[in-house]
Amino acid sequence: MILFALAAAAWHWLLQDIVPVYQIKGISKLFKLCLPKVQCFCDSLTSPPSERQFNALLMSVASLLANYDYTGAQPGEPCNNCVNASDRCLCDFTFNITEFFPAPVFMYYELSDFYQNHYRYMISRDENQLSGDLDSLKNPANECAPYRVDSGQKPIAPCGAVANSMFNDVLTLFYNENGTFVEVPLNGKGISWWTDYNIKFRNPENGNQSLTDLFKGTSKPQNWLTEVWNLSSDPFNTGFINEDFLVWMRSAALPTFRKLYRRIESGNFTDGLRAGEYQLRIQYNFHVLSFNGRKKIVFSTVSWMGGKNPFLGIAYLVFGSLCTVFAIIMLIVFLKYQGKMDEDI
């Protein structure tokens, strides 16, 4: 079973990362050349699979991915005009998608060299406050320091370094349709974990008081542009249950990570993201050059084997190779010393 799992993971990595999607057509021909008598899924089909059938099979396994860097670190790069801006800055970034992305399309932001896995960073939060406890709202835990209270000693809600560093770029996507850029509808609902939205994170409640009244006497995190109760006009997507906030609060294990920003699955893009020219309008709020970071926008589809991520496939290949090498070494040692062990007995 272990060898089968390793082989499946390696094949998953090969299809999704080593073999570009634009070569699938050639691969299907190669399969038919090498395996001319391979039958289709049903035993009743006696003819060799067609190129279309192979393409459909491989497309069901492979996911598509495209990423675009908009850090603006160097002159001439997208959004370079916003790198040193002290106020809110808007920049437009035009790019081309060369192939059709079937729905649902997931839109991520990717950050590099951002260590969410640092211990002091990870514990800098108040779970009781985030679960809606009224006492913790006005008296945050000491673990949140130095983001526990503001300069006027007002309690910060949400407190802590994790909340304070929340990604807050605002991204809007447009598609060039016959010379006119039309907005692509982006769905921000359902992007967080169900348990986070429905169980772990809750807004404070006290009778019929509004969120605005409940958060009176608290201060927003230092790096935020708006109060927590004003994150969205949707009452089911604001405060501590705002889905962008929930996605950010689930800490990443590695310094380079992606977090889901939006889904593209409605309007004229119900079938997916068409090939063509796109424009990304960015309200550039999240600065990364202070820690030598980078940020990208990523478009991805998923298959029944999951999204495109090379790390797991590489890890399985390395671990499987090491197991094979050690197994061979142990076998050689066993065969070499087996006779001496029998004599000792």
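Computed from a predicted structure; not experimentally measured. The chain is numbered in sequence order, starting from 1.
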**Asked** Looking at Phe286 versus Tyr109, is the centre-to-centre ring distance below 6.0 Å?
**Response** no
**Worked check of ring pair (Phe, Tyr, Trp, His ring centres under 6.0 Å) between Tyr108 and Tyr261** = CA-CA 5 Å; Tyr108 301 84; Tyr261 183 74; over 10 Å; no
**Asked** Phe201 versus Ser131: any side-chain heavy-atom pair under 4.5 Å?
**Response** no
**Item:** Sidechain-backbone polar pair: Asn198 side chain, Trp194 backbone, donor-acceptor under 3.5 Å
**Value:** yes
**Request:** Would you please name every residue forming a side-chain hydrogen bond (donor to acceptor under 3.5 Å, both in side chains) with Asn128, sequence neighbours left out?
**Result:** none
**Message:** Just checking Tyr70 against Phe93, ring centres under 6.0 Å apart?
**Reply:** no
**Request:** Can you label the angle between the Tyr278 ring and the Tyr175 ring as parallel, tilted or perpendicular, going by 30° and 60°?
**Result:** tilted
**Message:** Quick check against the 3.5 Å criterion: does Asn176 have a side-chain atom that pairs as donor or acceptor with the backbone of Thr94?
**Reply:** no
**Prompt:** In chain order, what residues pass the salt bridge (charged side-chain N to carboxylate O under 4.0 Å, His left out) check against Glu227, with sequence neighbours excluded?
**Reply:** none
**Request:** Give a yes or no on whether the backbone of Val288 and the side-chain of Arg294 come within a donor-acceptor separation of less than 3.5 Å.
**Result:** no
**Prompt:** Does a side-chain N-to-carboxylate-O contact under 4.0 Å join Arg202 and Asp196?
**Reply:** no
**Phe299/Phe106 aromatic ring centres below 6.0 Å** = no
**Request:** Starting at OH of Tyr147, measure out to OG of Ser124 and round the result to the nearest 0.5 Å.
**Result:** 8.0 Å
